[in-house]
Amino acid sequence: MSADRSRESREGHVLVLDAGSSSLHIALSAADGERVADRDASEPPGPAAAAELRNFLSEVPAPAAVGHRIVHSGPHLTGHTLIDARVRALLADVADLAPLHVTPALHLVDAAREVLPDVPHVACFDTVFHKDLPAQARTYAVPERWRAEYGLRRYGFHGLSYAWALRRTAQALGRPVDNLQVVLVHMGGGCSACAVRNGRSVDTTMGLTPLEGLVMSRRSGSLDPGALLWLQRRHGLSTDELDDTLHRHSGLLGLSGTSGDTRDLVRARAEGDAAAASALATFTLSCRKGIASMAASLDRLDALVFTGEIGEDQPEVREEICSALTVLGVRGGLLVPELEDLMREGLRRIDQAVRGVPVLVVATGETQQIAAETRRVLGIADGTR
């Protein structure tokens, strides 16, 4: 490679930082979308985040930019954007809307800006994919004062994952994105479904926060608001107790009493664990209800698409969801691709392709999407296909 091309390649490298409530993912992406290196930690970023970054960067080419996954944009940021003092302050102001995600992400933003002060840092938001939700889909049925003064509205999340999955689905079906009506389902630690009409999100199961919607690994999903009032009034539960329980001790973990991981629960069910079986039944029903509600915002269903860790790696869950969705033209008897093949190829169509709605699995692509969005913000050439 010539010196000029080598320099061009280095300039296209994007460092992607994805901080979660219990994890940290670092990746370096080349201009063509190929992953140069990555590192995962099972702990959220803390005081040692700067040292962790320095260690990683000492082993890889210097990045031209840094892309940060930020789950919640709040009301004032409607596009992926450069992080400056104003943006950093706006993000701090909305951290309480997604505390499990935004707070650790901001710790990482600060560490990365300390380590790489002369490199542009871009905030890539999960909410941006849903920024044009129709009024009827983003509005809660509460008094106007709550909506106008407090900003109570639905945002939607998992947008970076959905943007990647939608593009790959269009490629797989050989149709333009703006001529597709699909339901996308992201299933991982957090779970949600989204209706896409002609390339735009028109409904989604998550709302003001990432707690609404489907049953999740450790999050409750939607709950009767009257139940929360009753728990406070009748049983004296504090706001902090409710917050901790609904975010960390509910969902599949709360139902099973043993694990929030569907792989553990599938194994336990096979061994006769009734609580695991009940947890999976509740989870898959929640997913089917979410998918059906999203389909209500479409004229037709061109495809049902699974992504996320559970979506790509749990064939039993996919089968149980699809086999009971015949009302939507979705059928069971799904193919089970090898995970290694799926991760290498990026997607697979898994329905029998004889009748019914196409069902696809798309390997999770948030890292690639963050890198691509970062390049778009900065006007750097993006070779991702």
Side-chain angles (χ1 to χ4, degrees), residues 18 20-23 25 40 42 71 100-101 126 157-162 164-165 168-169 182-194 204-206 210-222 247-248 250-256 258-270 273 276-291 294 303-325 330 332 334-343 346-348 350-351 359-367:
D18 184 351
S21 58
S22 59
S23 63
H25 179 65
D40 291 295
S42 58
V71 166
L100 293 185
H101 300 88
D126 274 307
F157 303 95
H158 291 135
L160 294 161
S161 175
Y162 287 143
W164 179 262
R168 297 309 307 271
T169 297
V182 299
V183 172
L184 307 173
V185 189
H186 179 103
M187 297 191 299
C191 302
S192 71
C194 174
T204 189
T205 54
M206 283 181 167
L211 189 59
E212 186 180 358
L214 311 184
V215 171
M216 305 178 220
S217 177
R218 294 171 179 263
R219 281 175 259 166
S220 64
S222 291
H247 279 100
R248 295 182 173 86
S250 298
L252 286 166
L253 176 62
L255 289 165
S256 69
T258 55
S259 177
D261 190 321
T262 55
R263 294 169 296 186
D264 294 337
L265 298 177
V266 167
R267 285 191 294 267
R269 180 178 62 182
D273 185 328
S278 178
L280 287 167
T282 300
F283 175 72
T284 55
L285 174 61
S286 170
C287 292
R288 293 196 302 272
K289 289 164 69 175
I291 291 166
M294 293 301 99
L304 174 61
V305 183
F306 291 98
T307 191
E309 295 90 340
I310 298 172
E312 68 191 23
D313 188 27
Q314 201 67 67
E316 297 90 348
V317 171
R318 295 193 302 257
E319 181 65 32
E320 288 165 37
I321 291 171
C322 291
S323 63
L325 277 177
V330 176
L334 301 175
L335 304 173
V336 181
E338 292 291 334
L339 184 59
E340 184 178 331
D341 295 337
L342 172 63
M343 300 309 289
L347 63 92
R348 276 291 182 91
I350 58 172
D351 62 287
V359 180
L360 291 87
V361 180
V362 176
T364 308
E366 287 166 322
T367 297

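Every heavy atom of this structure was used, including side-chain atoms; hydrogens, water molecules and symmetry mates were not. Not measured: the values here are computed from a predicted model.
A donor-acceptor contact shorter than 3.5 Å links the side chain of T204 to the backbone of A193. Although no hydrogens or angles enter the test, the distance criterion places a donor-acceptor pair under 3.5 Å between the side chain of R219 and the main chain of P210. Looking only at distances, no side-chain donor or acceptor of S192 sits under 3.5 Å from a matching main-chain atom of T205. A donor-acceptor pair under 3.5 Å links the side-chain atoms of S217 to the main chain of G260, judged by distance alone. Looking only at distances, a side-chain donor or acceptor of D126 sits under 3.5 Å from a matching main-chain atom of L160.
Between T367 and D18, every side-chain heavy-atom pair lies at or beyond the 4.5 Å cut-off. Two residues are said to be in side-chain contact when any heavy atoms from C-beta on lie closer than 4.5 Å; R248 and L100 meet this criterion. You'll find the side chain of R348 reaches within 4.5 Å of the side chain of D341, heavy atoms only. For the pair W164/E366, no side-chain contact is recorded, criterion being any heavy-atom separation below 4.5 Å from C-beta on. By the 4.5 Å heavy-atom criterion applied to side chains, R263 and D313 are counted as neighbours. T169 is not listed as a side-chain neighbour of L347, based on a closest heavy-atom distance of 4.5 Å or more. With contacts defined as side-chain heavy-atom distances shorter than 4.5 Å, the pair H101/F157 does not qualify.
In this structure R218 satisfies the salt bridge (charged side-chain N to carboxylate O under 4.0 Å, His left out) test with no other residue, sequence neighbours excluded.
Distance check: L280 CG to L252 CG gives 6.5 Å after rounding to the nearest 0.5 Å. For the atom pair CG of D351 and CG of L360, the computed distance is 7.0 Å after rounding to the nearest 0.5 Å. Note that the CZ atom of R267 and the CG atom of D273 stand 12.5 Å from one another [nearest 0.5 Å]. Separating the SG atom in C191 from the CE atom in M206 is a distance of 7.0 Å, to the nearest 0.5 Å. Atom OG of S286 and atom CZ of R288 lie 9.5 Å apart (nearest 0.5 Å). Distance check, rounded to the nearest 0.5 Å: CD1 of I310 to CZ of R318 gives 11.5 Å.
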(request) Just do the side chain to side chain contact (heavy atoms under 4.5 Å, CB included) check on T258 and D264 with the steps written out, would you? (result) CA-CA 9 Å; T258 55; D264 294 337; over 6 Å; no
(request) Would you sort out whether V336 and E319 count as a side chain to side chain contact (heavy atoms under 4.5 Å, CB included), showing the intermediate values? (result) CA-CA 9 Å; V336 181; E319 181 65 32; over 6 Å; no
(message) For S220 and L211: C-alpha separation, side-chain torsions, deciding distance, then whether side chain to side chain contact (heavy atoms under 4.5 Å, CB included) applies.
(response) CA-CA 7 Å; S220 64; L211 189 59; 4.0 Å; yes
(message) Working note: F306 + C322, criterion side chain to side chain contact (heavy atoms under 4.5 Å, CB included); need CA distance, chi angles, decisive distance, verdict.
(response) CA-CA 11 Å; F306 291 98; C322 291; 3.6 Å; yes
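Ring geometry for H158 versus H186: interplanar angle under 30°, hence parallel rather than tilted (30 to 60°).
The shortest non-hydrogen separation linking P337 to I350 is CD-CG2, 3.7 Å.
Ionic pairing of E312 and R168 is not present here: no N-O contact between side-chain nitrogen and carboxylate oxygen is shorter than 4.0 angstrom.
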